[in-house]
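Each ligand, and each atom within it, is numbered from 1 in the order the structure gives.
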Amino acid sequence: MRDFVYGALLVRVVFAAGSRTCLANEVAALGIQRALVLCTPHQRDLAEAAATLLEQRCVGVFDGARMHVPVEVARAASAYATSVGADGLVAVGGGSTIGLAKGIALDMGLPIVAVPTTYAGSEMTPIYGLTEDGVKKTGRDARVLPRTVVYDPELTLGLPVALSVTSGLNAIAHAAEGLYAHDGNPVLDLMAEEGIRALAAGLTRVAAAPSDIEARSDCLYGAWLCGTVLGQAGMALHHKLCHVLGGSLDLPHAETHAVMLPHTLAYNAPAAPVAMRRIARALGRPDASSGLHELAKELGAPTSLRELGMTAGALDRVTDLALTSPYANPRPLSREAIAGLLARAWSGAPPAP
Ligand code: NAD
């Protein structure tokens with residue numbers, strides 16, 4: 001048994017198909033009288049439906065959420081929240097919408113109720129990100145951790161299969177890195193392995209039958225577990241590389257995670273054999289990195305950075321950026337090996353054996 005420190009983050013979680021009907025009660029239980037509902041323009045209808053459920057406790061809908069939370073959007077949303085006298089936020093959507101709620105909460109200290117509709121996991125973390133002048137800065141702050149999360153798998157029925165798959169692989173990445181985190185613990189390990197198992201099996205069933213509510217429930221359950229791991233364990237090489245690729249080249253978030261994960265696991269495999277055995281067991285495959293590569297291919301996920309729009313000319317710069325500020329990783333960082341990993345990921349080659 002390794003040494004560990006265990007601490008839990010307090011988030012109330014309500015999980016059931018149809019649980020959005022509890023939204024007004026959950027908001028009231030936090031003492032929120034004037035909730036502002038947040039969404040992307042694309043999910044305005046869903047947000048309006050949430051506003052209707054909240055009845056007189058809703059003071060407006062702000063539909064300006066955008067990927068990576070541009071600071072000007074967060075400022076405009078805070079100004080709107082002030083103008084309507086909001087005393088709480090209801091974020092209905094994926095990581096971008098929940099990220100916007102976090103940006104407002106950081107500024108105004110308002111409590112957040114999150115209603116996630118993807119598998120990204122932001123709802124379970126005290127991590128925020130704000131983008132200013134093209135640079136995304138992230139940080140941790142207890143004020144941005146949602147107080148209540150309402151998981152309603154029915155709200156994920158319309159998530160397109162391609163987005164479900166990449167979002168699910170993004171979630172698996174949180175759990176996989178949690179299993180070799182320098183600050184992990186046995187409870188997070190259990191959650192991580194169960195989260196990967198639920199998502200790997202659930203995604204295969206969602207790809208075959210997108211309106212299978214049991215499969216959707218399994219995926220959202222897995223997303224909750226994986227998000228919890230992300231919120232409590234330090235991430236390593238994989239998340240660093242994805243952050244660099246997203247931040248410096250504007251590559252799409254979930255797709256980048258889907259492409260990179262088999263390669264970053266292959267890199268770390270020699271230094272984290274126990275974690276790799278647990279990932280492989282959760283996937284039901286003999287090997288963690290090649291198993292994930294096979295799963296991603298079967299599910300039709302992108303398998304190369306090239307198809308996400310990255311040019312070969314950017315490989316050197318990304319390698320340099322990945323080696324800048326030091327961070328914990330089970331295997332020491334070698335420029336040559338990371339350059340090799342990125343070259344394979346760029347071309348779509350299988351992960352290094
Ligand atoms: P997203 O929130 O950007 O959503 C992508 C698109 O899908 C949006 O247009 C959205 O409206 C739409 N969508 C969402 N749910 C849908 C549904 N059920 N049906 C149909 N369409 C739907 O994507 P994401 O991958 O959830 O979030 C990515 C962002 O979240 C990134 O900026 C990432 O950095 C951030 N993130 C933050 C954390 C954290 O802990 N802070 C964790 C994970 C991700």
Task: Distance-only N or O hit between ligand 1 and Tyr128, under 3.5 Å - done: no
Open item on the list: Below 4.0 Å from ligand 1: does a non-hydrogen atom of Arg66 turn up there or not?
Closed with: no
- [ ] Output the list of atoms in ligand 1 that are nearer than 4.0 Å to some heavy atom of Leu230, sorted by atom number.
- [x] 40 (O), 42 (C)
Open item on the list: Among all protein heavy atoms in this structure, tell me which lies nearest to atom 43 (C) of ligand 1, with the distance rounded to 0.1 Å.
Closed with: Ala120 O, 3.3 Å
Open item on the list: Do Leu299 and Thr204 have side chains that approach each other closer than 4.5 Å (heavy atoms only, starting at C-beta)?
Closed with: yes
- [ ] Below 4.0 angstrom from a heavy atom of Lys102, which ligand 1 atoms are there? Numbered from 1 as shown, please.
- [x] 39 (C), 40 (O), 41 (N)
- [ ] Taking the side chain as every heavy atom from C-beta outward, state whether Tyr119 and Asn170 have any atom pair closer than 4.5 Å.
- [x] no
- [ ] Below 4.0 angstrom from a heavy atom of Met67, which ligand 1 atoms are there? Numbered from 1 as shown, please.
- [x] 3 (O), 28 (C), 29 (C), 31 (C), 32 (O)
Task: Gln43/Thr97 under side-chain hydrogen bond (donor to acceptor under 3.5 Å, both in side chains): CA gap, chis, key distance, verdict - done: CA-CA 10 Å; Gln43 290 184 294; Thr97 302; 4.6 Å; no
Open item on the list: Within the structure provided, determine whether Val150 and Cys22 are in side-chain contact (heavy-atom separation under 4.5 Å).
Closed with: no
Open item on the list: If hydrophobic clusters are built from ILVMFWY residues whose side chains come within less than 4.5 Å, do Leu321 and Leu333 share one?
Closed with: yes
Task: Contact atoms of ligand 1, heavy-atom distance to Gly94 under 4.0 Å - done: 2 (O), 26 (O)
Task: N/O donor-acceptor pair under 3.5 Å between His293 side chain and His263 backbone - done: no
- [ ] Considering only non-hydrogen protein atoms, determine which one is nearest to atom 4 (O) of ligand 1 and report residue, atom name and distance to 0.1 Å.
- [x] Thr118 CG2, 4.5 Å
Open item on the list: Can you report which non-hydrogen protein atom sits closest to atom 16 (C) of ligand 1, along with the distance?
Closed with: Gln43 NE2, 3.1 Å
Open item on the list: When you group the ILVMFWY residues by side-chain heavy-atom contacts below 4.5 Å and let the links chain together, are Met108 and Val73 in the same group?
Closed with: yes
Open item on the list: For Arg335, I'd like to know if atom CZ has over 12 heavy atoms of other residues, nucleotides or ligands within 6.0 Å.
Closed with: yes
Task: Winner among Thr138, Leu46, Ile127 once heavy atoms are compared against atom 41 (N) of ligand 1 - done: Ile127
Open item on the list: Please work out, at 4.0 Å between heavy atoms, whether the side chain, the backbone, both, or neither of Val69 comes within that distance of ligand 1.
Closed with: neither
- [ ] Note the single closest protein heavy atom to atom 20 (C) of ligand 1, along with its residue, its atom name and the distance in Å.
- [x] Gly158 O, 3.6 Å
Task: Side chain proximity check, Met276 to Asn268, heavy atoms < 4.5 angstrom - done: yes
Task: Check: Ala254 N/O within less than 3.5 Å of ligand 1 N/O - done: no
TODO: Distance to 0.1 Å, residue and atom name: give those for the protein heavy atom nearest to atom 1 (P) of ligand 1.
DONE: Ser96 OG, 3.4 Å
Task: Per-atom contacts of ligand 1 with Leu155, taking only distances under 4.0 Å to non-hydrogen atoms - done: 18 (N)
Task: Per-residue contact class, His42 against ligand 1 - non-hydrogen pairs under 4.0 Å - done: side chain
Open item on the list: Using heavy-atom distances only, which candidate in Ser122, Gly227, Gly247 approaches atom 42 (C) of ligand 1 most closely?
Closed with: Ser122
TODO: Starting from atom 44 (C) of ligand 1, find the nearest protein heavy-atom neighbour and note its residue, name and distance.
DONE: His253 NE2, 3.6 Å
Open item on the list: For atom 11 (O) of ligand 1, what's the nearest protein heavy-atom neighbour? Residue, atom name and distance, please.
Closed with: Thr40 OG1, 2.7 Å
Task: Contact check: Lys136 vs ligand 1, nitrogen or oxygen atoms, below 3.5 angstrom - done: yes
Task: Salt bridge Glu194-Arg197, side-chain N to carboxylate O under 4.0 Å - done: yes
TODO: Identify whether Tyr151 and Leu203 are in the same connected component of the hydrophobic contact network (ILVMFWY, side-chain heavy atoms under 4.5 Å).
DONE: yes
TODO: Verify the cluster assignment for Trp224 and Val14: are they in a single hydrophobic cluster under the rule of side-chain heavy atoms below 4.5 Å apart?
DONE: no
Task: Side-chain donor/acceptor of Ser164 to backbone N/O of Leu159, under 3.5 Å - done: yes
Open item on the list: Below the 3.5 angstrom mark, is there an N/O of Gly121, backbone or side chain, next to an N/O of ligand 1?
Closed with: no
Open item on the list: For the 3.5 Å polar cut-off, considering only N or O atoms, please tell me whether Thr156 and ligand 1 meet it.
Closed with: no
Task: Side chain to side chain, Leu292 and Leu265, heavy atoms closer than 4.5 Å - done: yes
TODO: Would you mind telling me if ligand 1 is within reach of the side chain of Thr117, the backbone, both or neither, using heavy atoms under 4.0 Å?
DONE: both
Task: Proximity winner for atom 27 (O) of ligand 1, if only heavy atoms of Gly246, Ala171, Gly95 are counted - done: Gly95
Open item on the list: Is the contact between Leu163 and ligand 1 made by the side chain, the backbone, both, or neither, using heavy atoms and a 4.0 Å cut-off?
Closed with: side chain
Open item on the list: Could you check whether any heavy atom of Met124 sits closer than 4.0 Å to an atom of ligand 1, since that is the contact criterion I want to use?
Closed with: no
Task: Proximity of Leu159 to ligand 1 by residue part, where a heavy atom lies under 4.0 Å - done: both
Open item on the list: If hydrophobic clusters are built by linking Ile, Leu, Val, Met, Phe, Trp and Tyr wherever their side-chain heavy atoms come under 4.5 Å apart, do Leu100 and Leu89 end up in the same one?
Closed with: yes
TODO: Tell me which protein heavy atom sits closest to atom 40 (O) of ligand 1, plus the residue, atom name and distance to 0.1 Å.
DONE: Thr125 OG1, 2.6 Å
Task: Value rounded to 0.5 Å, distance of OH in Tyr180 from NE2 in His238 - done: 7.5 Å
